[in-house]
Trainee: 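Before we start, here is the structure in question, set down as structure tokens.
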Amino acid sequence: MEKFLPGMDRFSVGVNYWASHAGIKMWREFSLEEIDRDFAALHAAGVNTVRLFPLWSDFQPVMWAAGSSNRPLELVFTDGTPLPEKGIRRYGLDPVMMERFRQVADLALKYDFRLIVGLLTGWMSGGFFAPPIMANKNVGNDFTALRIEKMFIDGFVSAMKDHPAIAAWEPGNECNCMAPFTPEESWHWMAYITSAIRLADPPRPVYSGMHSGKNYTDKPFSLMVQGEFSDALTTHPYPVFTQHCGRSALNNTPAVYHATAETLMYRGIGKKPAFVEEIGSFGNGYISDERSEKYLYTVLYSALVHGFGSVLWWCGFSFGRCGSQYPYRWIAMERALGAWNSDRSIAGPGRAMKKFQDELHEMPFGVLPPREVDAVVAITSLKDMWKTAYGTFILSKEAGFEIEYCNMDTIDALPQSNFYIVPSVSGYEVMDLHKYQLLLQAAENGATVVVSADNGMLEPFEEFFGCTVEYSAELPEKLSFTIDGRNYTFNAGFTRRIKVSGADVVAVLDDGTPLITRKKYGKGQLIYVSAALENEALTPGNNFYHIYRKLAQLAGVDTPEKSPEIGITRHILDDGSVVKFFINYSDHEVDGMAGNTIRWHRS
């Protein structure tokens, strides 16, 4: 695992930026003095990375000049001026805007900021801002649109690729929100746009910049497609826009886990570095400034210990001075998202950045090595991939062991591990037979493979797991059972009864039916859990992490005795010493740690 993101030379702490005085109108209502003051405020709190957006409609103001019957005759600027043969204007780009962008990049260099540039910024804060020529065109499949997009990239990237402040390009901001793409269109669009960027600037990395990736090939901009064409994947983990999230105050469990779990999942499934590119709290209308500060502080440390490389807040500044312009006048949420207030006074998230950076610079061991990982989570064809992956993260973190993800659909060999978890298998496909055989081979070679089951079928099953299904029914039921003196209830969406035929019984339901079985296989073992524990991890008051802790212990993992709210990671330094980080993910005191605090210990 790389120490930093591609193109970066540091752990990146920063913001998504629009000028405090003008918001998205910053390029038209340009004031280098105002932007300089903004950057000075950011720099004073330790910001070192800024995501910057050349608004598409401002930078490429082109349209068709039409003739009879509104037939397009000539591509021109919106003032009617034709595109010349040479120079930046031949790409339809406004040289005044390009010079303004360079001036801002020069300011970034002055403050030692690294820039992530979202090129085709047509979607922004709930509004669409494309050149007039794009009216009523699908940016993903219209040939005129694709031509204009490539012109923008060719001209902009070629003009700015010499600037040392720019660390990475992106196709744009959440470009998957710009049109109703089909899966095939999203593949071709990503291939086309990222290839154009790399042809214009081969050495510089290209990040995804997308929002809400999926693990399904029949969905546009799947994580596999993003991973194929991007050098780093990006998460925008807003709980209110993400299913199963936001079920607590943001700085408390489980909501505080969201950013880490999603980014870890992206990295595993997309097989590329991933980072938290947009995170926010929606202002004081959603959560207090004090809690926003604690929320970001916790996420920053969680990102650090999980090796993500960057966390960027949305947005740098609130827009009290420009809230009457659209899209801010449309959407109340968009007006007060800043880590700084519109008068540049620092708000809670800004204070969190400063505190984190001050502490990071005082740590005596330099760059933190990757954490030690105890288990690999093998994602299969699931009814609700995110719910299962999120639940797996929560239970493992609470139980005290560390995971990485892999996607069984896209691997030829399993990542090396002595402990594999195949969570909440569902449906009648689950995974290809030869992928199933990879797991069986891992167990034969000495690994522990745990399979928990929703309504999923494994075949062949009995000869390997030493149990068989007595019957199944499409009926929900409430299961009750006791393990190691602890009582559990579980809301199952599916009824299944199993009986053993060679396996050992680890746990039974209250009616005596086996719930968890264990069978030696080769040098390892296969464990079957006849309940989709991960899918119920978000049920308030559940204590299923004890079961996960027991499963880990059966796999030979040394799990610490701790409260579930405390996350512990282990990092081995070059000198052989071990640094342990302890993060209290909750908003209250646990195990002698105040809410949303960290400590570390070196031994």
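Because the structure is predicted, anything quoted here is derived from the model rather than measured. Reckoned from all heavy atoms, side chains included, excluding hydrogens, waters and symmetry mates.
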Trainee: For the pair Phe365 and Trp600, name the ring-plane relationship: parallel under 30°, tilted 30 to 60°, perpendicular over 60°.
Mentor: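 Correct class here is perpendicular.
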Trainee: Checking side-chain polar atoms at under 3.5 Å, does Thr392 have a donor or acceptor matched by the opposite partner on Glu534?
Mentor: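 Side chains of Thr392 and Glu534: no pair found under 3.5 Å.
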Trainee: Do Tyr257 and Glu262 have a side chain donor and acceptor closer than 3.5 Å?
Mentor: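 Not at all, the side chains of Tyr257 and Glu262 share no donor-acceptor pair under 3.5 Å.
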Trainee: Is a side-chain donor-acceptor pair under 3.5 Å present for Asn252 with Ser586?
Mentor: no
Trainee: Is the distance between the ring centroids of Phe393 and Tyr405 under 6.0 Å?
Mentor: no
Trainee: Taking only residues two or more places apart in sequence or in another chain, which ones pass side chain to side chain donor-acceptor pair (under 3.5 Å) with Glu174?
Mentor: Trp123, His236
Trainee: Taking only residues two or more places apart in sequence, or in another chain, which ones meet Arg602 in a salt bridge (Lys or Arg N to Asp or Glu O under 4.0 Å)?
Mentor: Asp575
Trainee: Do the side chains of Lys397 and Glu402 get close enough for a salt bridge, i.e. N-O under 4.0 angstrom?
Mentor: yes
Trainee: Do Lys355's NZ or CZ and the ring of Tyr297 fall within the cation-pi criteria of under 6.0 Å and 45°?
Mentor: yes
Trainee: State yes or no: are the ring centers of Phe53 and Tyr17 separated by less than 6.0 Å?
Mentor: no
Trainee: Before we go on, tell me: are the rings of Phe11 and Phe308 under 6.0 Å apart, centre to centre?
Mentor: no
Trainee: After noting the C-alpha distance and the side-chain angles of Asp38 and Ser20, does the key distance pass the side chain to side chain donor-acceptor pair (under 3.5 Å) rule?
Mentor: CA-CA 7 Å; Asp38 286 350; Ser20 64; 2.8 Å; yes
Trainee: Once the angle between the rings of His258 and Trp386 is folded into 0 to 90°, is it parallel (under 30°), tilted (30 to 60°) or perpendicular (over 60°)?
Mentor: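 Tilted: the ring planes of His258 and Trp386 meet at 30° to 60°.
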Trainee: Distance alone, cut at 3.5 Å: any donor-acceptor contact between the side chains of Asn16 and Trp313?
Mentor: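 No - no donor-acceptor pair under 3.5 Å links their side chains.
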Trainee: Partners of Asp358 by salt bridge (Lys or Arg N to Asp or Glu O under 4.0 Å), sequence neighbours excluded?
Mentor: Lys354
Trainee: For Lys580, enumerate each residue passing the salt bridge (Lys or Arg N to Asp or Glu O under 4.0 Å) test, keeping only those at least two apart in sequence or located in another chain.
Mentor: none
Trainee: Can you list the residues that meet the ring pair (Phe, Tyr, Trp, His ring centres under 6.0 Å) rule with Tyr266, with sequence neighbours excluded?
Mentor: none
Trainee: Using only heavy-atom distances, determine whether the side chains of Asn596 and Arg291 contain a donor-acceptor pair under 3.5 Å.
Mentor: no
Trainee: Determine whether the side chains of Arg10 and Asn48 contain a donor N or O and an acceptor N or O closer than 3.5 Å.
Mentor: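 No donor-acceptor contact under 3.5 Å links the two side chains.
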Trainee: Do Asn445 and Lys523 have side chains that approach each other closer than 4.5 Å (heavy atoms only, starting at C-beta)?
Mentor: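 With C-beta onward as the side chain, the pair stays apart.
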Trainee: Determine which pairs satisfy salt bridge (Lys or Arg N to Asp or Glu O under 4.0 Å) with at least one residue from residues 414-424, sequence neighbours left out, and list them in order.
Mentor: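 Residue pairs with at least one partner in residues 414-424: there are none.
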Trainee: Just verifying a value: how many Å separate Tyr301 OH and Leu368 CG, rounded to the nearest 0.5 Å?
Mentor: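 Output value for this atom pair is 10.5 Å.
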Trainee: With no hydrogens and no angle check, do the side chains of Asp112 and His43 hold a donor and an acceptor under 3.5 Å apart?
Mentor: no
